[in-house]
K.L.:
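I'd like to ask you about the structure that follows.
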Amino acid sequence: MEMKKLEGQTAVVTGASSGIGQACAIALGMAGANVVVNYAGNPNGAIVAVDKIKAAGGRAMVVQADVSQKEQVDNMFAQAVEAFGTVDILVNNAGLQKDAAFIDMTLEQWNYVLAVNLTGQFLCAQAAVKEFIRRGMNGHSKALGKIICMSSVHELIPWAGHVNYAASKGGVMLMMKSLAQELGPMKIRVNSVAPGAIKTPINHMAWETPEAEERLLKLIPYKRVGVVDDIGNVTVWLASDESDYIHGATIFVDGGMTLYPGFEDNG
Ligand code: BGC
């Protein structure tokens, strides 16, 4: 039987109880990885992901942790190591929006989004790197470990009414690149996936009604709103040795949203 792409490796996926994170967890499990399915609040979707992976013959477990809290992050990694021996892949996915016009945005809204979307990625990356180094090369992969940061087209595209979110993703961009520069010599591979508009709970208002979807499609040259598997598939590939020479890159998975479609018939 052919070996699955990520056989023998363990992945931690944060924010995996819904949307993109849940799809990444399932896709990694189907590719043979043991998966730590993290959630912060509601376990239901995380349990669904674990059940799917197990039903396909894989190994997975649910771990609750708020990624903005160092003790909880360290505890999650300790549980991962106890259950599966080590961690090979981190999908730094947990993220949220608390939208407000700039003038109305509260300090709480600003701090909350930065704490989860940026500090959370920092804390999880640090815990992952410590585990990669402790474990050392194990022959499962050409890399000592792989970190995949879930960014957004808004690491590039400014976003009025979402200054906290856009700032967090801009931060993720240079965090990822600085980590790639610093950790590359240790054979730790660090990259980002930058989704465009993907149908998930975070942006349901933008695609739920036909009118909203039509407006959204104006921003997408490929004329299709993304689905979570678009991101899951790329994430599995980026975690695998097939992409071993991709390092410090952001892969935009956005149907062309970053192509300035406003210039299609203007400018
Ligand atoms: C946001 C979504 C938005 C998409 C495209 C994502 O990062 O979370 O709400 O639809 O970017 O603008």
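Scope of the values below: all heavy atoms of this structure, side chains included, with no hydrogens, waters or symmetry mates. Start at 1 and go down the list; that is how both ligands and their atoms are numbered.
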K.L.:
Using the rule side-chain hydrogen bond (donor to acceptor under 3.5 Å, both in side chains), only one of S141, S240, S243 pairs with K146; which is it?
P.N.:
S141
K.L.:
If you have a sec, work out which protein heavy atom is nearest atom 1 (C) of ligand 1 and how many Å separate them, to one decimal?
P.N.:
Q97 OE1, 3.2 Å
K.L.:
What protein heavy atom sits nearest atom 4 (C) of ligand 1, and how far off is it?
P.N.:
G196 O, 3.6 Å
K.L.:
Can you tell me if H162 has a non-hydrogen atom under 4.0 Å from ligand 1?
P.N.:
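Outside the 4.0 Å threshold, so no.
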K.L.:
When only distance counts, is H154 in polar contact with ligand 1, meaning an N/O pair under 3.5 Å?
P.N.:
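So ligand 1 has an N or O lying under 3.5 Å from an N or O of H154.
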K.L.:
If you draw a 6.0 Å radius around CD in E208, do more than 12 non-hydrogen atoms from other residues or ligands fall strictly inside?
P.N.:
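Yes, the 6.0 Å shell around CD holds more than 12 heavy atoms from other groups.
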K.L.:
Taking only heavy atoms of S152 into account, list the atoms of ligand 1 that are under 4.0 Å away from them.
P.N.:
6 (C), 7 (O), 11 (O)
K.L.:
What protein heavy atom lies closest to atom 3 (C) of ligand 1? Include the residue and the distance to one decimal.
P.N.:
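Answer for atom 3 (C) of ligand 1: W159 CH2, 3.8 Å.
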K.L.:
The test is side chain to side chain contact (heavy atoms under 4.5 Å, CB included); show your working for R135 and V81 and say whether it passes.
P.N.:
CA-CA 10 Å; R135 181 226 323 129; V81 172; over 6 Å; no
K.L.:
Tell me the protein heavy atom at minimum distance from atom 10 (O) of ligand 1, and give that distance in Å.
P.N.:
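I find the closest protein heavy atom is N203 ND2, 3.2 Å.
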K.L.:
Does even one non-hydrogen atom of A206 get within less than 4.0 Å of ligand 1?
P.N.:
no
K.L.:
When you check the side-chain N and O atoms of E155 and S192, is any donor under 3.5 Å from an acceptor?
P.N.:
no
K.L.:
Testing the 3.5 Å rule here: is there a donor-acceptor pair between the side chains of Q79 and N75?
P.N.:
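Yes.
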K.L.:
Within a distance under 4.0 Å of any heavy atom of M257, pick out the atoms of ligand 1 and give their elements.
P.N.:
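By the 4.0 Å cutoff, the relevant atoms are 5 (C).
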K.L.:
If you round to the nearest 0.5 Å, how far is NZ of K187 from CG of D244?
P.N.:
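If I round to the nearest 0.5 Å, the distance is 6.0 Å.
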K.L.:
Can L183 and F132 be said to form a side chain to side chain contact (heavy atoms under 4.5 Å, CB included), step by step?
P.N.:
CA-CA 11 Å; L183 304 174; F132 299 160; over 6 Å; no
